[in-house]
Every structure is written in C-alpha cells, then in structure tokens.
There are 2 protein chains.
Amino acid sequence: MILRLDMASDVPIYQQIRNQIVLGIGTGALAPGESLPTVRQLAESTGVNSMTVNKAYALLKSEGYILIDRRNGAKVRPQPSDGVPGPELLHRLELLAAEAAAQGISRETFLSACRGAAEKMRAKGGN
Amino acid sequence: MILRLDMASDVPIYQQIRNQIVLGIGTGALAPGESLPTVRQLAESTGVNSMTVNKAYALLKSEGYILIDRRNGAKVRPQPSDGVPGPELLHRLELLAAEAAAQGISRETFLSACRGAAEKMRAKGGN
DNA sequence: TTATTTGTATTATATTATATCATACAAACA
DNA sequence: TGTTTGTATGATATAATATAATACAAATAA
C-alpha cells in the first residue's frame, strides 16, 4: 500500500491518507482483515507527522472502515455489513450528477462513468 | 432560487453557495440564460458578507457555470458544450464508488443510486 | 517482572483558510 | 450625471491544519 501525498494540494493530508486507504479497501487492494502500517511507520515512510496519520486513522475508525485493537494496530474491517447508501453519500452523488449535467454531459455518459468506477471495485458476494 | 446555508457546517459558506447553484443548474431549477441575484442582493438575503458571495460567483465563473457581463450581473451559462467528464470529476466518482464498496454496498445498489441521482437532473437534447 | 510497541491524549506553536468589515474603482447603463 | 454592477484592496478575527515534544494506558514479548 503506497500512498501518494500531494503537499501542494488543497486537500488536507489526513484526508488524502483517508481517501487512499478507502480507495484501497474499495478496490480490494487492501483485503478485509489485512493489517495497516502502524501510525509511526506510516508517518516515517511518508515524512508526515504522527498526529496527522493518527487523525486519518481515527477518522477511518469513526467511519467504520477499520478496526483497532490496542496492541496489533489497525486492520481493515472484516465483513462490512451490507446496506444502502447513507444520506451523505447520496448528497455527494447528487452534486456530482448536477455538475455533470451542468457541464452538458449527457445522462448516459454520466452513468457510463459510474459503471466504469463501479467496475474498478472489488466484486463481493453475488454482485 | 432559495439558498439554505448551514453556518455550523464544516463546508465553507462560499462552497455551499457554489454547490447549490450548481445543483440548481443541473436539475434545471436554474435555466440557461437565467439571471442570478446580484452579489449584494444574495449577500443581503442570506445575511452573508458580499465578498463571500463574490468568492462563490468568481468560482462559478472560473468553472464555466456562469457568465458575467459587467453591468447585467451573473447569468447561467447558456448552451454548455457537450463533453466527457473531466479527471477531477472522475476521481471524485471513483472515491464515492470506493466508499460504497468498502461499506458493503453492492455494485448494483450503487449504480441504482447513480441512476436515481441522474434522473433528478434536467433532460437535455436526446438524453 | 521488565521492556517495548501500540494507539492515543495533551500542550504548544506556526501557517493557512475562511469570513467579515470598510472602502474604493472601472465599466455599463438610465 | 448618477447609480448599480462585479471586483479589488487591506485589515482583522476566527478556525482549520500541521508539526513538535511528550506522556500515558494497554497489550505483547522478553
């Protein structure tokens, strides 16, 4: 799991870390139950402060993406429960759709992009 | 066009203004060529500083969503050119798909949500 | 037990982003 | 000539972000 952090980005570093780990989980690059690097390891390898990494881990934990047992460090949450998209995700999806529409992107082109994104994700169960 | 601003949100006010106008354009609530309120009017009606509104308008202008002629104020850009989703939009779409997948949301459920969002947008041309 | 490593909490500091406020200006129009 | 438009400027206050230096409880290995 290699993280690419852009220090010049307007996206906060802890958010970049969080996003890339979520991408890793979503695509299957990070398997359920797999161990993440320790806070200090990741801080060392990326040249970022420990507390910044800790903030990303705390966020991932609060969002339910990872589990933490005191000693063994962080692990990808095994067997995430099935469910429906939450309101926050739906809201962001709607904004994306609106941006596409306002840019003159056709409905079908947008949905094609959605399918393209979905197909990059790990297949799970019968889906 | 009524804006709902959440002062307690972590999303900057100028971003909330920008997002809701983009949503308005995308859904068709704001028609191409339609005039937006003046900077000072919108600042007055929302109780927000003029420069904050101006920042939102400048952003919308730089993104190509609105046009501004010096005297008549801001208007929704007429006839946005057709095209394909840009890399920034694709990246955000991919992150959304990853979050859904990592939450155990099936591919089909995610795509169903995508269709739901797309159907809220204005139909244009043959799409 | 002791020692080490884990995530995490604490406090301080520096930098940047955000928002407000008070003005001011050029351009366009009546 | 006025008036209104978007916009620029500078000052200020607050919050978010990142780094830094420690420290602590819990869990593991020695």
Side-chain angles (χ1 to χ4, degrees), chain A residues 1 3-22 25 30 33-78 88, chain B residues 1 3-22 25 30 33-78 88:
Chain A
M1 187 65 189
L3 296 188
R4 302 186 178 279
L5 302 183
D6 180 4
M7 298 307 188
S9 169
D10 57 334
V11 180
I13 300 176
Y14 79 95
Q15 268 284 352
Q16 295 185 43
I17 296 174
R18 177 265 182 199
N19 288 348
Q20 292 189 34
I21 290 179
V22 169
I25 298 175
L30 289 174
E34 183 170 345
S35 284
L36 296 176
T38 70
V39 169
R40 289 174 178 82
Q41 276 175 354
L42 192 51
E44 167 87 15
S45 68
T46 56
V48 159
N49 191 275
S50 315
M51 298 314 296
T52 302
V53 176
N54 181 65
K55 188 169 181 178
Y57 274 33
L59 179 56
L60 287 162
K61 175 187 173 185
S62 77
E63 292 177 320
Y65 291 116
I66 65 176
L67 293 179
I68 291 174
D69 43 37
R70 192 63 176 164
R71 178 60 173 175
N72 292 342
K75 293 187 191 307
V76 177
R77 180 184 183 180
E88 191 265 354
Chain B
M1 189 63 189
L3 296 188
R4 302 185 178 280
L5 303 183
D6 180 4
M7 299 305 188
S9 170
D10 56 335
V11 180
I13 299 177
Y14 79 95
Q15 268 284 351
Q16 295 185 42
I17 296 175
R18 177 265 182 199
N19 288 349
Q20 293 189 34
I21 291 180
V22 170
I25 298 175
L30 289 173
E34 183 171 344
S35 284
L36 295 177
T38 69
V39 168
R40 290 174 176 82
Q41 276 175 354
L42 192 51
E44 166 87 15
S45 69
T46 55
V48 159
N49 192 276
S50 316
M51 297 314 295
T52 303
V53 176
N54 181 65
K55 189 169 181 179
Y57 275 33
L59 180 56
L60 287 162
K61 175 186 173 186
S62 78
E63 291 177 321
Y65 291 116
I66 65 177
L67 293 179
I68 291 174
D69 43 38
R70 191 63 177 163
R71 177 62 174 175
N72 292 341
K75 293 187 191 307
V76 177
R77 180 183 183 181
E88 191 266 355

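Below, each value reflects all heavy atoms present in this structure, side chains not excepted, and no hydrogens, waters or symmetry copies. Labels below follow one simple rule: chain letters A, B, ... track the order of the sequence lines, proteins then strands, and each chain is numbered from 1.
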Enquirer: Could you tell me the separation between the CD atom of A/E44 and the P atom of D/dA20, rounded to a whole number of Å?
Expert: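 Roughly 12 Å, once rounded to whole Å.
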Enquirer: Rounded to whole Å, please give me the gap between CD1 in A/I17 and C1' in C/dG7.
Expert: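 Atom CD1 in A/I17 sits about 15 Å away from atom C1' in C/dG7.
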Enquirer: Can you identify which nucleotide, out of D/dA23, D/dA20, D/dG6, has its nearest atom closest to the A/R40 side chain?
Expert: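 Looking only at heavy atoms from C-beta outward on A/R40, the closest nucleotide is D/dA23.
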Enquirer: Measuring to OP1 and OP2 of D/dT19, would you say a side-chain N or O of A/S50 lies under 4.0 angstrom away?
Expert: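 Answer no for this pair, as no side-chain N or O of A/S50 is under 4.0 Å from OP1 or OP2.
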Enquirer: Hey, is the side chain of A/T52 poking within less than 4.0 Å of OP1 or OP2 on D/dT19, counting only N and O atoms?
Expert: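 Result: yes.
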Enquirer: Expressed in angstrom and rounded to an integer, what is the separation of B/D6 atom CG from C/dT18 atom C1'?
Expert: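 Roughly 15 Å, once rounded to whole Å.
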Enquirer: Counting side-chain heavy atoms from CB outward, which of D/dT9, D/dT19, C/dT8 is closest to A/I68?
Expert: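 Per side-chain heavy atoms of A/I68, the pick is C/dT8.
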Enquirer: Nearest 0.5 Å please: distance from the OH atom of A/Y65 over to the CD1 atom of A/I25.
Expert: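 Rounded to the nearest 0.5 Å, the OH-CD1 separation comes to 8.0 Å.
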Enquirer: Tell me the closest heavy-atom pair linking B/Y14 and B/A56, and the distance in Å.
Expert: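 Residues B/Y14 and B/A56, closest heavy atoms: O-CB, 3.5 Å.
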Enquirer: Quick one: B/Q15 CD to D/dA16 P, roughly how many Å, whole number?
Expert: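 From B/Q15 CD to D/dA16 P: 16 Å.
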Enquirer: Is A/E44 atom CD crowded by more than 12 heavy atoms from other residues, nucleotides or ligands, each under 6.0 Å away?
Expert: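 No, not enclosed.
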Enquirer: Please state whether the phosphate of D/dT17, meaning OP1 or OP2, lies under 4.0 angstrom from any side-chain nitrogen or oxygen of A/Y14.
Expert: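 Yes, within the criterion.
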Enquirer: Let's see if you can work this out: which of D/dG6, C/dC29, C/dT8 has an atom nearest to the side-chain heavy atoms of A/V39?
Expert: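 Selected nucleotide: C/dT8.
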Enquirer: Which of the following nucleotides, D/dT5, D/dT7, C/dA19, is nearest to the side chain of B/T38?
Expert: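 Selected nucleotide: D/dT5.
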Enquirer: Measure CD1/A/I13 against C1'/C/dA14 and give the value in whole Å, please.
Expert: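 Spelled out: CD1 on A/I13 to C1' on C/dA14 is 14 Å.
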Enquirer: Please figure out whether A/K55 or A/N72 has its closest DNA chain D nucleotide nearer the 5' end.
Expert: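 It is A/K55, whose closest nucleotide lies nearer the 5' terminus.
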Enquirer: If the cut-off is 4.0 Å, is A/N49 near the phosphate of D/dA18, judged by side-chain N/O to OP1 or OP2?
Expert: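 Checking D/dA18 against A/N49, no side-chain N or O comes under 4.0 Å of OP1 or OP2.
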Enquirer: Measure from the side chain of B/M51, starting at C-beta and using heavy atoms only, and say which of C/dC21, C/dG7, C/dA19 lies closest.
Expert: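 Closest of the options to the side chain of B/M51: C/dC21.
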